[in-house]
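Here is the structure we will look at, set down as structure tokens.
All residue numbers refer to positions in the sequence shown, counting from 1.
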Amino acid sequence: MAHETIICRVKTRTLLLPTLAFLIQLIPSLAAEEPPALWQIGQPDGDNREFALAPAGFDQFREDGAFFVGESDAAHDWPYVQPGPVDAWAGHRSHTFIVVFGLKEAPPAGEARLKVNLLDTQAGQPPQVEFRLNAAAVQRKLTAGAGDDSIRGEPAKGKPQTFDVVFPTGALKAGENQLSITTQAGCWMLYDSLAFEAPAGAVLGPVANHTLVSGVVGVRALKEVQGKLFHPVSVSIRQVGEPCEATLRVAGASPLSVRLTNGVNAVELLVPRVETNTTVQVTVESGGKVLAQRDAEVKPVRPLTVYILPHSHTDIGYTEIQTAIEKKQVQNLLDGSAAAKRTADYPRGARFV
């Protein structure tokens, strides 16, 4: 009987061991499986040919990325490079890329996660980046990259980095959601892909609003209008779909009526002169409804008086002594001014200029 018991135990172990081994092999694969992305821009394949301006058109950069999930195309709307404030070729300013997506309803409790795959960052001054999902913001200082070959058309020479940005429960909402990525300091970064994972139960919905303020830049200058000084503010508005009549508003400035057409619309607003660094809000309205808003910083400008002196080349001291040349130059200016006044009423083309 004892012999039979031993045989039975051996057989039982023989049957169980393969099953346990199979389960042990299966557990890592189950743990490694990730939830499907709610939306994705680009492919994590070590290449950037699917993005706008790729692989080497950084010097043609004009507009920040603005992407409407379900409607936009990365090849036209999402540049392969996002500049930083140190990059002179992109205006020496901060840049914000925006993704707009809709949700049918607010998802149940759970974190949202943005999976960021970069091909490279600038080696000397990598960017510091703010990732903001609606009102929730996360700051991250990126590590140094390999060099400039990647931005100049050789992405394989970059130093890739991958990381997750986790947003807290409650960051998402029903209806329109905005994810913004802002380079707050440093230089550029190169995209490989972005993938957004939402809590279970989140379902994409249509984006009701198709107007986005994709960029606001305060120009360091003053413009005089009817005796008053204003700061020019350059506003870029991305319109998707049908054109619409809209009104742009900034506190203290007169409303500006514009017609927004499909694509990027460039508009100049005049903001009253400020004495200190001031944040202003640009609002786009249509039919009594706010379509989009964006904050901009306007910095004070010291007024300067610039004197412009008409002049032509002369070899002073070669044909005449200096004092004689000075008299001739002054007389030429007086004669020219007199001729301009005398012919001011002549037909166009016959006036002295």
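Alongside Phe230, the hydrophobic cluster contains Val225, Leu270 (criterion: ILVMFWY side chains under 4.5 Å). Clustering of Ile, Leu, Val, Met, Phe, Trp and Tyr by side-chain heavy atoms under 4.5 Å joins Ile308 with Val306. Other residues sharing a hydrophobic cluster with Val219 under the 4.5 Å side-chain heavy-atom criterion for ILVMFWY residues do not exist; the residue is a singleton.
From Phe101, atom CZ reaches atom CG of Leu204 across 8.0 Å, with rounding to the nearest 0.5 Å. To the nearest 0.5 Å, atom CH2 of residue Trp39 and atom CG of residue Asn177 are 10.5 Å apart. Between the CG atom of Asn48 and the CD1 atom of Ile151 there is a distance of 10.5 Å, given to the nearest 0.5 Å. How far CG of Leu142 is from CD of Gln122: 12.0 Å, rounded to the nearest 0.5 Å. To the nearest 0.5 Å, atom NZ of residue Lys157 and atom CG of residue Asp148 are 12.0 Å apart. With values rounded to the nearest 0.5 angstrom, Asp87 atom CG is found 11.0 Å from Ser94 atom OG.
Within the structure, salt bridge (Lys or Arg N to Asp or Glu O under 4.0 Å) contacts touching residues 208-233 (residues at least two apart or in different chains) are Lys223-Glu268. Judged as a salt bridge (Lys or Arg N to Asp or Glu O under 4.0 Å), the pairs with a partner in residues 127-146 (not counting sequence neighbours) are, in order, Glu130-Arg132. Sorted by first and then second residue, the salt bridge (Lys or Arg N to Asp or Glu O under 4.0 Å) pairs with a member in residues 287-309 form an empty list; sequence neighbours excluded. Identified under the salt bridge (Lys or Arg N to Asp or Glu O under 4.0 Å) test for residues 171-192, with sequence neighbours left out: none.
Without hydrogens or angle criteria, Glu320 side chain to Lys328 main chain gives no donor-acceptor distance under 3.5 Å. Put simply, the side chain of Thr343 gets close to the backbone of Ala339: a donor and an acceptor are under 3.5 Å apart. Side chain of Gln161 to backbone of Thr143: a donor-acceptor contact under 3.5 angstrom is found. Asp120 contributes no side-chain N or O that, together with a main-chain N or O of Pro155, makes up a donor-acceptor pair within less than 3.5 Å. Without hydrogens or angle criteria, Glu154 side chain to Ala156 main chain gives no donor-acceptor distance under 3.5 Å. Panel note: side chain His76, backbone Ala52; no donor-acceptor pair is recorded below 3.5 Å.
Linking ILVMFWY side-chain heavy atoms closer than 4.5 Å, directly or via other members, places Leu190 and Leu53 in a single hydrophobic cluster. By the criterion of side-chain heavy atoms lying less than 4.5 angstrom apart, applied directly or through intervening Ile, Leu, Val, Met, Phe, Trp or Tyr residues, Val267 is grouped together with Val280 in one hydrophobic cluster. Residue Leu269 is not grouped with residue Leu229 when hydrophobic side chains (ILVMFWY) are merged at heavy-atom distances under 4.5 angstrom, including chains of intermediate members.
The shortest distance between side-chain heavy atoms of Leu119 and Ser150 does not fall below 4.5 Å. Contact annotation: the side chain of Val203 never approaches that of Leu103 to less than 4.5 Å [non-hydrogen atoms, C-beta and beyond]. The closest side-chain heavy-atom distance from Pro55 to Tyr80 is not below 4.5 Å. In this structure, the side chains of Pro303 and Arg273 come closer than 4.5 Å at one or more pairs of heavy atoms. Considering only heavy atoms from C-beta on, Asn265 stays 4.5 Å or farther from Val258 through its side chain. Residues Val99 and Ile41 meet the side-chain proximity criterion, which asks for heavy atoms closer than 4.5 Å. Side-chain contact between Leu172 and Leu133 is present, with heavy atoms from C-beta onward closer than 4.5 Å.
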Side chains of residues 182-189: which donor-acceptor partners sit under 3.5 Å, not counting sequence neighbours?
residue, atom, partner, partner atom, Å
Thr182, OG1, Thr96, OG1, 2.8
Thr183, OG1, Pro83, O, 2.6
Thr183, OG1, His95, N, 3.3
Thr183, OG1, His95, O, 3.3

Counting only pairs under 3.5 Å, give me each side-chain donor-acceptor contact of residues 235-249, with atom names and distances, residues two or more places apart or in other chains.
residue, atom, partner, partner atom, Å
Ser236, OG, Glu63, OE1, 3.3
Ser236, OG, Glu63, OE2, 3.4
Arg238, NH1, Ala66, O, 3.4
Arg238, NH1, Asp77, OD1, 3.3
Arg238, NH2, Asp64, O, 3.3
Gln239, OE1, Thr211, OG1, 2.6
Gln239, NE2, Glu242, O, 2.9
Glu245, OE2, Arg259, NH1, 2.7
Arg249, NE, Glu285, OE1, 2.9

Next item on the list: Before giving the answer on side chain to side chain contact (heavy atoms under 4.5 Å, CB included), spell out for Leu194 and Trp78 the whole-Å C-alpha distance, their side-chain angles and the decisive distance to 0.1 Å.
Entry: CA-CA 11 Å; Leu194 293 173; Trp78 199 265; 3.6 Å; yes
Note to self: The test is side chain to side chain donor-acceptor pair (under 3.5 Å); show your working for Gln43 and Ser193 and say whether it passes.
What the structure shows: CA-CA 5 Å; Gln43 298 295 326; Ser193 69; over 6 Å; no
Margin query: Let's go through Val116 and Phe131 carefully: what are the C-alpha distance in whole Å and the side-chain angles of both, what is the deciding distance for side chain to side chain contact (heavy atoms under 4.5 Å, CB included) to 0.1 Å, and is it a yes or a no?
Written below: CA-CA 11 Å; Val116 182; Phe131 298 89; 4.1 Å; yes
Next item on the list: For side chain to side chain contact (heavy atoms under 4.5 Å, CB included), just list the numbers for Val216 and Val233, CA-CA rounded to whole Å, side-chain angles, deciding distance to a tenth of an Å, and then say yes or no.
Entry: CA-CA 7 Å; Val216 181; Val233 175; 3.5 Å; yes
Next item on the list: List the steps and the verdict of side chain to side chain contact (heavy atoms under 4.5 Å, CB included) for Leu260 and Val284.
Entry: CA-CA 10 Å; Leu260 301 178; Val284 183; 4.2 Å; yes
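Take Gln331 and apply the side chain to side chain contact (heavy atoms under 4.5 Å, CB included) test, not counting sequence neighbours, and it matches Leu334, Asp335. Residues passing the ring-ring contact (aromatic ring centres under 6.0 Å, His included) test with Trp89 are Phe58, sequence neighbours excluded. Under the rule for a ring-ring contact (aromatic ring centres under 6.0 Å, His included), Phe167 has no partner lying at least two apart in sequence or in another chain.
The distance between the ring centers of Phe67 and Phe97 does not fall below 6.0 angstrom.
With respect to Arg113 and Asp164, a salt bridge is recorded, a charged nitrogen being found less than 4.0 Å from a carboxylate O.
Ile98 pairs with exactly one of Ile181, Val213, Leu212 by the side chain to side chain contact (heavy atoms under 4.5 Å, CB included) rule, that one being Leu212.
Arg351 CZ: more than 12 foreign heavy atoms inside a 6.0 Å radius. For Glu326, the CD atom counts as loosely surrounded, since its 6.0 Å shell holds 12 or fewer non-hydrogen atoms of other residues, nucleotides or ligands.
Annotation for Ala37 and Gln40: closest pair CB-OE1, 4.4 Å, computed over non-hydrogen atoms. For the pair Ala146 and Gly158, the tightest heavy-atom approach, listed with the atom from each and the gap, is CB-C, 3.9 Å. Considering all non-hydrogen atoms of both residues, Ala251 and Pro272 come closest at O-CD, 4.3 Å.
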